[in-house]
Amino acid sequence: MTSIVPLAVGLRYLSPLPPLAAFILGGLAVAVLAVWMRRATDQIAKRAGSAIGGLLNVSFGSAAELILMLFVVMSGHPEVVRAQITGSIIGTSLLGLGLACLVGGLTRDQQPFSQRRTGLLASLFLIVVFALMLPAVFHDADLGRGFTVQQRLVSERALSVGVAVVLLLLYAGNLVYTLITHRDVFAGANPKEAHPDDASWGLVTSVAVLVGATAAIAVCASIVSGALEGSAETLHLPLLFLGVVPLALVGTAADLFASMSFARQNRMDLVLAISIGSAIQVGLVIAPLLVLISWAMGTPMTLVFPNSLDLFAITGAAFIVRAITADGDSSWFEGLLLIGVYVLLALAFFFIAPG
């Protein structure tokens with residue numbers, strides 16, 4: 001709690017800084033605050049029971065990513081937000097899982113995990129791929145119908161809202177399945193129920209940290225989104241690359257470190273629940289919420305990915321993760337392969353046209 005106070009006070013000094021400095025420092029602050037938010041949520045969840053605790057973790061587990069993306073949408077860069085969605089999905093499923101397998105496998109020949117749990121995660125991941133591809137396919141099919149630009153935009157927004165609602169309903173069904181009707185099957189697979197941090201906070205302290213971290217993240221997100229264009233110009237980098245790599249990693253940093261920590265403990269079920277589960281949450285929760293909230297705010301964002309590289313990256317990540325996890329165990333070399341695929345995709349976004 002005491003660490004948040006000087007951090008929050010220091011945020012007011014970020015705005016006058018040059019865009020690149022504000023972008024870097026603001027991003028680091030979001031990553032640190034996201035860790036504090038997770039710890040506070042964990043402490044509240046421990047007092048609320050497994051079902052309510054799981055719901056709390058779902059509600060606040062990706063709040064930092066959602067807040068950051070919302071501010072980028074409001075700054076007028078929906079294409080960067082879609083890049084962030086791509087970056088978060090491949091960052092947790094490829095880089096996060098890859099680092100965990102590499103770290104955990106350096107001292108072990110194999111690390112087993114439950115194929116039943118992983119099979120459900122892989123199935124949900126493929127549904128995410130299908131749902132995110134649908135608006136883009138609709139966009140391409142629509143071009144040949146002679147629709148005007150305005151008619152096509154209205155149709156794409158309506159389809160995106162419909163897809164968002166269905167995805168949220170599917171995720172709600174997943175919560176009922178894993179937290180209520182089949183809770184015994186998935187017992188122990190919730191990373192929040194076995195967090196290595198055993199420090200006990202009071203309820204008031206936990207709530208205060210959660211509220212304070214959320215408010216501070218909103219301030220930092222505003223600063224980062226405002227410095228986005230200036231940072232891209234200073235670094236001579238495409239905006240899409242900033243969305244796919246640095247911005248996405250800021251929001252998922254806590255997941256990456258948690259995955260590696262559990263891998264060192266040989267708890268690969270928890271690693272998969274974090275890495276693949278976080279990618280699923282981005283597709284089934286964050287992306288739909290962004291569509292609905294941006295629509296309500298008057299700055300509607302669609303789920304149409306005009307850049308085919310985004311869809312290629314998401315689809316490739318889903319099928320590669322499914323192939324790597326099909327045998328029920330992992331090794332350091334499989335982790336290296338996953339990291340290699342992530343680096344290749346990052347390189348492709350690095351060399352993409354700035355426009």
With [X] via side chain to side chain contact (heavy atoms under 4.5 Å, CB included) - residues at least two apart:
| X | result |
| --- | --- |
| Ala122 | Arg322 |
| Val207 | Ile44, Leu203, Val211 |
| Ala31 | Ala253 |
| Leu228 | Phe23, Val72, His77, Val80, Leu239, Leu242, Leu247 |

Should side-chain heavy atoms under 4.5 Å link Ile, Leu, Val, Met, Phe, Trp and Tyr, which residues sit in the same cluster as Val204?
->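 The other cluster members (ILVMFWY side chains, heavy atoms under 4.5 Å, direct or chained): none.
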
In the hydrophobic clustering (ILVMFWY, side-chain contacts below 4.5 Å, transitive), which residues join Phe319, or is it alone?
->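 Members other than Phe319 - counting any ILVMFWY side chain reachable under 4.5 Å - are Leu126.
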
Does a salt bridge link Arg117 with Asp269, judged by any charged N lying under 4.0 Å from a carboxylate O?
->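 Yes, Arg117 and Asp269 are salt-bridged.
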
When the side chains of residues 285-295 are checked against the rest of the protein, which donor-acceptor pairs come out under 3.5 Å, sequence neighbours left out?
| unit_1 | atom_1 | unit_2 | atom_2 | d |
| --- | --- | --- | --- | --- |
| Ser294 | OG | Leu290 | O | 2.7 |
| Ser294 | OG | Val291 | O | 3.0 |
| Ser294 | OG | Met301 | N | 3.1 |

Contact list for residues 329-349, test side-chain hydrogen bond (donor to acceptor under 3.5 Å, both in side chains), sequence neighbours left out =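 Every candidate side-chain hydrogen bond (donor to acceptor under 3.5 Å, both in side chains) pair involving residues 329-349 fails, so no pair, neighbours aside, qualifies.
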
ring-ring contact (aromatic ring centres under 6.0 Å, His included): which pairs involve residues 205-259, sequence neighbours left out?
->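 Passing the test, one end in residues 205-259: Phe241-Phe350.
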
Quick one: list whatever passes side chain to side chain donor-acceptor pair (under 3.5 Å) with Ser278, sequence neighbours left out.
->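 Per chain and number, Ser278 pairs via side chain to side chain donor-acceptor pair (under 3.5 Å) with Asp255.
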
Expected list for residues 92-108: side-chain donor-acceptor pairs under 3.5 angstrom, two or more places apart:
| unit_1 | atom_1 | unit_2 | atom_2 | d |
| --- | --- | --- | --- | --- |
| Thr92 | OG1 | Ser88 | O | 2.9 |
| Thr92 | OG1 | Ile89 | O | 3.4 |
| Thr92 | OG1 | Ser275 | O | 3.3 |
| Thr92 | OG1 | Ala279 | N | 3.4 |
| Ser93 | OG | Ile89 | O | 2.6 |
| Arg108 | NH1 | Gly104 | O | 3.1 |
| Arg108 | NH2 | Arg264 | O | 2.9 |

